[in-house]
A.B. asks: 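This is the structure I want to talk about, given as structure tokens.
Note on naming: letters A, B, ... go to the chains in the order of the sequence lines (proteins, then strands), and numbering restarts at 1 for each one.
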Amino acid sequence: MTTEPAQPPLVALFVTCLVNSQRPAVGFATVKLLEQAGFRVEVPPDQTCCGQPPYNNGLTDEARRIAKLQIQVLEPYDWIVVPSGSCAGMISVHYPHLFENDAHWQERARRVASKTRELAAFLAQQGVRFAPGPDTPTATAHHTSCSCRRETRSHTQADGLLQDCLQDQLKPFAEPEVCCGFGGTFSAKFDALSARMGSQKLDSIEAAGARTVVSADLGCLLHLQGLALRQQRDLQFRHLAEVLADAEPQRENKRP
Amino acid sequence: MIQRDARQFIPNSEQALQDTTLQTALARAKSGFLGKRRKAIALVDDFEFLKQQAQAAKQRALDNIPALLDQFEHNLNAAGGQLHRAATPDDLNRIVLDICQRRQAKIITKGKSMVSEETHLNTALEQAGLDVVETDLGEYIIQLAKEPPSHIIAPAVHKTRQAVAELFRHHHALGERDLNEISNLVEEARQMLRQRFLAADVGITGANLLVASTGSIAIVTNEGNGDLTATLPPVHIVTASLEKLVENLEDAGAILEVLGRSATGQAMSAYTTFFTGPKRPSELDGPEEMHVIVLDNGRSDILQSEFAAMLRCIRCGACLNHCPVYSNVGGHAYGSVYPGPMGSVLTPLLEGLNQGHVLPNASTFCGRCAEVCPMGIPLPDLLRKLREQEHRQQLDSTGWRMVLRFYSWLATRPRWFHLAMRAITFTQRLLRDASGTRLRVPFSNGWNRQRELPAAPDATPFLQQWQKQQERKP
């Protein structure tokens with residue numbers, strides 16, 4: 001696919017299976033943010049899943065087959081934006097490793113990897129900034145997923161974006177670098193442990209006076225929300241894309 | 001009762017989570033270790049540089065193990081010591097026992113050695129009628145409690161001060177005394193151990209380093225018990241593993257730079273001692289014999305495998321201290337000699353996948369272990385490779401295997417995948433409770449035993465909604 005010089009770059013939204021099925025609003029919020037930033041957005045209809053469930057459970061051959069499909073679907077685009085650190089990390093960090101014995105596919109995986117960004121990383125890279133909007137939540141804690149912190153390394157960019165839009169309502173809490181205990185299938189296989197880790201996370205968030213939890217990863221959010229519902233904690237859970245889409249973009253970041 | 005079986009990690013961990021005494025001890029230990037390490041690293045200009053130096057030193061050694069072991073033996077012999085190569089744990093135990101029996105030893109003092117835990121040396125010696133006394137305070141405590149270590153550098157980290165006081169009262173016939181202060185506990189252990197140090201026939205220590213160019217072994221301790229164990233008895237036996245070898249003293253120094261800081265947050269531990277052979281003819285003190293036993297136990301094979309990086313491990317314990325799993329369940333839940341992330345890699349490699357295959361799954365892949373590892377071991381990658389082997393050997397649960405295969409089948413067929421997504425959102429609509437926030441499901445499993453299943457607010461997935469929207473556009 002070639003883009004005409006006059007046209008803004010074309011972004012593929014890799015929506016992730018969790019956003020697709022559990023929180024479609026996050027998908028629409030992401031599209032809104034990308035269009036606000038001056039990009040054309042397409043949602044490739046044949047995308048499925050990044051392949052983490054089989055990959056993290058040792059089904060590497062299956063993960064490789066899934067990865068090949070996503071690479072084919074995503075490679076025509078200028079950018080691939082993912083509203084999830086763990087799925088973005090899978091594509092940008094792990095896909096090239098999956099094809100260590102296959103030079104052709106490794107090259108294709110690398111090209112896709114180099115164009116793939118976690119949402120906050122992409123927005124920050126475009127110089128987008130936000131101010132509080134009418135629906136911007138108050139007393140909010142930003143839970144950074146381990147994949148955003150240690151794979152896409154986009155946690156500081158997300159912090160920056162949220163700082164602008166939440167200002168003094170962004171509440172720092174203890175031990176933000178500790179895992180919330182989601183870990184994909186870990187949360188079901190080791191549920192007691194996962195629940196303990198999640199409860200500890202919610203304890204520190206509540207102790208900081210926060211009433212809303214925002215995160216770039218829906219997996220962490222659903223796990224924490226499920227715990228909060230069971231434990232009757234008065235907490236709201238929102239995806240980073242939803243919070244940013246509700247904020248005021250500080251300038252119409254039309255690309256030159 | 002926590003079972004000493006790595007396959008029982010899940011029931012063990014659930015029990016550990018309910019043990020309030022253990023939870024108190026773990027919380028205290030964690031904050032201590034983390035804070036001290038952070039401060040120690042902040043004090044050096046460039047810890048990354050020190051890490052690179054240490055890693056390079058270790059890699060040089062691992063690339064050249066057979067030659068370095070020969071060189072070590074040559075130099076140890078020249079210093080009057082003797083090298084023994086033990087292929088298996090049983091070999092190591094037999095070599096130790098032979099030496100003890102030849103010397104007609106009765107009392108054995110021991111410094112801390114994870115290798116001796118790996119070979120279950122104490123059991124072997126006790127079965128032969130020998131009186132074995134651990135002299136590291138933590139090891140002494142757990143020996144009294146008849147428990148295995150729960151941490152590779154702080155073996156009794158799971159015990160509270162009160163539990164230790166109770167243990168001492170029970171085992172030491174010293175009458176009524178005040179054991180409320182930690183200093184009193186230390187003093188009491190010192191009284192008991194001092195007699196043993198002086199009476200011991202053989203002293204056994206581990207080794208943090210084997211220096212090929214000099215034939216020296218180095219031990220790093222904070223209590224000085226290692227030095228008393230090595231120097232007071234007439235025989236000093238060192239139990240070490242193959243990967244403790246380094247080329248020379250400079251490389252040993254490079255590793256020591258990161259070891260203390262990563263382990264206890266010390267630039268250097270209180271005692272760092274290099275021993276080169278037994279007492280010389282001109283010397284007054286020291287052992288008459290020095291034996292160094294180097295255990296392989298599969299390490300030569302690991303060195304040739306995709307898990308070779310694991311042999312860079314210097315047993316600092318930083319990955320344990322920073323692991324959210326370890327810090328919630330402690331070391332005993334792992335049911336293996338080595339706990340935490342490093343243990344979850346080592347156990348399947350040393351004891352076989354059949355025994356150890358659950359442990360590599362006990363990780364969220366949060367990556368903090370790799371972040372703090374001074375030796376740059378890619379622990380999550382190694383854990384994932386072990387899960388791959390587990391799956392290949394069909395040791396994973398049939399249920400999960402079927403679900404994941406079916407999911408993968410779907411994920412390579414977009415039409416079917418998206419149909420399944422629609423089925424999921426549709427079913428969720430039927431299962432929503434009155435509030436619309438959670439699902440009511442007629443089953444209980446890992447997803448919903450301890451948490452609710454939050455309901456999807458929409459009846460159709462994003463992709464369908466999006467496509468409909470695009471079609472409506474002019």
A.B. asks: Measuring heavy-atom distances to chain A, does B/Q467 have an atom under 4.5 Å in its side chain, in its backbone, in both, or in neither?
C.D. replies: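 Side chain only.
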A.B. asks: Sort B/S327 into side chain, backbone, both or neither according to what part of it lies under 4.5 angstrom from a heavy atom of chain A.
C.D. replies: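 For B/S327, no heavy atom lies under 4.5 Å from chain A.
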A.B. asks: Let's test your reading of the structure: which of A/E177, A/R149, A/H97, A/R65 forms the most heavy-atom pairs below 4.5 Å with chain B?
C.D. replies: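 Of A/E177, A/R149, A/H97, A/R65, A/E177 has the most heavy-atom pairs under 4.5 Å with chain B.
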A.B. asks: Measuring heavy-atom distances to chain A, does B/T460 have an atom under 4.5 Å in its side chain, in its backbone, in both, or in neither?
C.D. replies: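 Backbone only.
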A.B. asks: May I ask you to name which of B/L34, B/N445, B/V325 has the most heavy-atom pairs under 4.5 Å with chain A?
C.D. replies: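 Max contact count across the listed options: B/V325.
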A.B. asks: Looking at CD of B/Q450 and CZ of A/R196, how far apart are the two atoms once the value is rounded to the nearest 0.5 Å?
C.D. replies: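 Result: 8.5 Å between the selected atoms.
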A.B. asks: Find the distance between CH2 (B/W447) and NE2 (A/H223) and round it off to the nearest 0.5 Å.
C.D. replies: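 It is 10.5 Å, given to the nearest 0.5 Å.
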A.B. asks: Checking B/R415 against chain A: side chain, backbone, both or neither under 4.5 Å from a heavy atom?
C.D. replies: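 For B/R415, neither part sits under 4.5 Å from chain A.
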A.B. asks: Quick check: closest heavy atoms across A/P54 and B/L404, and the distance to 0.1 Å?
C.D. replies: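 Closest heavy-atom pair between A/P54 and B/L404: N-CD2, 4.1 Å.
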A.B. asks: Between A/C17 and chain B, with a heavy-atom cut-off of 4.5 Å, which part of the residue counts as in contact: side chain, backbone, both or neither?
C.D. replies: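 Both the backbone and the side chain of A/C17 come within 4.5 Å of chain B.
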A.B. asks: B/Q470 versus chain A, heavy atoms under 4.5 Å apart: side chain, backbone, both or neither?
C.D. replies: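 For B/Q470, neither part sits under 4.5 Å from chain A.
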A.B. asks: Heavy-atom cut-off 4.5 Å, strictly under: side chain, backbone, both or neither for B/E371 against chain A?
C.D. replies: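 Only the side chain of B/E371 comes within 4.5 Å of chain A.
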A.B. asks: With a 4.5 angstrom heavy-atom cut-off, is it the side chain or the backbone of B/I424 that approaches chain A, or both, or neither?
C.D. replies: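 Just its side chain gets close to chain A.
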A.B. asks: Relative to the ring of B/F9, is the ring of A/F190 parallel (under 30°), tilted (30 to 60°) or perpendicular (over 60°)?
C.D. replies: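 Rings of A/F190 and B/F9: perpendicular, over 60°.
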A.B. asks: Less than 4.5 Å to any heavy atom of chain B: does that hold for the side chain of A/F237, its backbone, both, or neither?
C.D. replies: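 Answer is neither: A/F237 stays 4.5 Å or more from chain B.
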A.B. asks: Please give me the minimum heavy-atom distance between A/L227 and B/R451, naming the atom from each residue.
C.D. replies: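 Closest approach of A/L227 to B/R451: N-CB, 3.6 Å.
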A.B. asks: Given that the side chain runs from C-beta out, which part of A/V43 has a heavy atom under 4.5 Å from chain B: side chain, backbone, both or neither?
C.D. replies: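 Contact with chain B: backbone and side chain both.
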A.B. asks: Relative to chain B, which segment of A/V31 carries a heavy atom at a distance below 4.5 Å: side chain, backbone, both, or neither?
C.D. replies: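 Just its side chain gets close to chain B.
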A.B. asks: At a heavy-atom separation under 4.5 Å, does B/H322 approach chain A through its side chain, its backbone, both, or neither?
C.D. replies: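 Neither; nothing under 4.5 Å.
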A.B. asks: Could you grab the distance from atom CD of B/E452 to atom CG of A/L222, nearest 0.5 Å is fine?
C.D. replies: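 One gets 13.0 Å once the value is rounded to the nearest 0.5 Å.
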A.B. asks: Which atoms of B/W409 come close to chain A, meaning under 4.5 Å heavy atom to heavy atom: side chain ones, backbone ones, both, or neither?
C.D. replies: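 B/W409 has no heavy atom closer than 4.5 Å to chain A.
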A.B. asks: Which answer fits B/A455, side chain, backbone, both or neither, if we ask what part of it has an atom under 4.5 Å from a heavy atom of chain A?
C.D. replies: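 Just its backbone gets close to chain A.
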A.B. asks: For A/N57 and B/R387, which I'm curious about, is there any donor-acceptor pair between the side chains at under 3.5 Å?
C.D. replies: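 No, no side-chain donor-acceptor contact under 3.5 Å.
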A.B. asks: Name the member of A/H94, A/Q70, A/K68 that forms the most heavy-atom pairs with chain B at distances under 4.5 Å.
C.D. replies: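 It is A/H94.
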A.B. asks: Non-hydrogen atoms of chain A under 4.5 Å away: do they reach the side chain of B/L453, the backbone, both or neither?
C.D. replies: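 When you check distances to chain A, no heavy atom of B/L453 falls under 4.5 Å.
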A.B. asks: Indicate the atoms forming the closest heavy-atom contact of B/F462 with A/V19, along with that distance.
C.D. replies: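 In terms of heavy atoms, the two residues are closest at CB-O, 4.5 Å.
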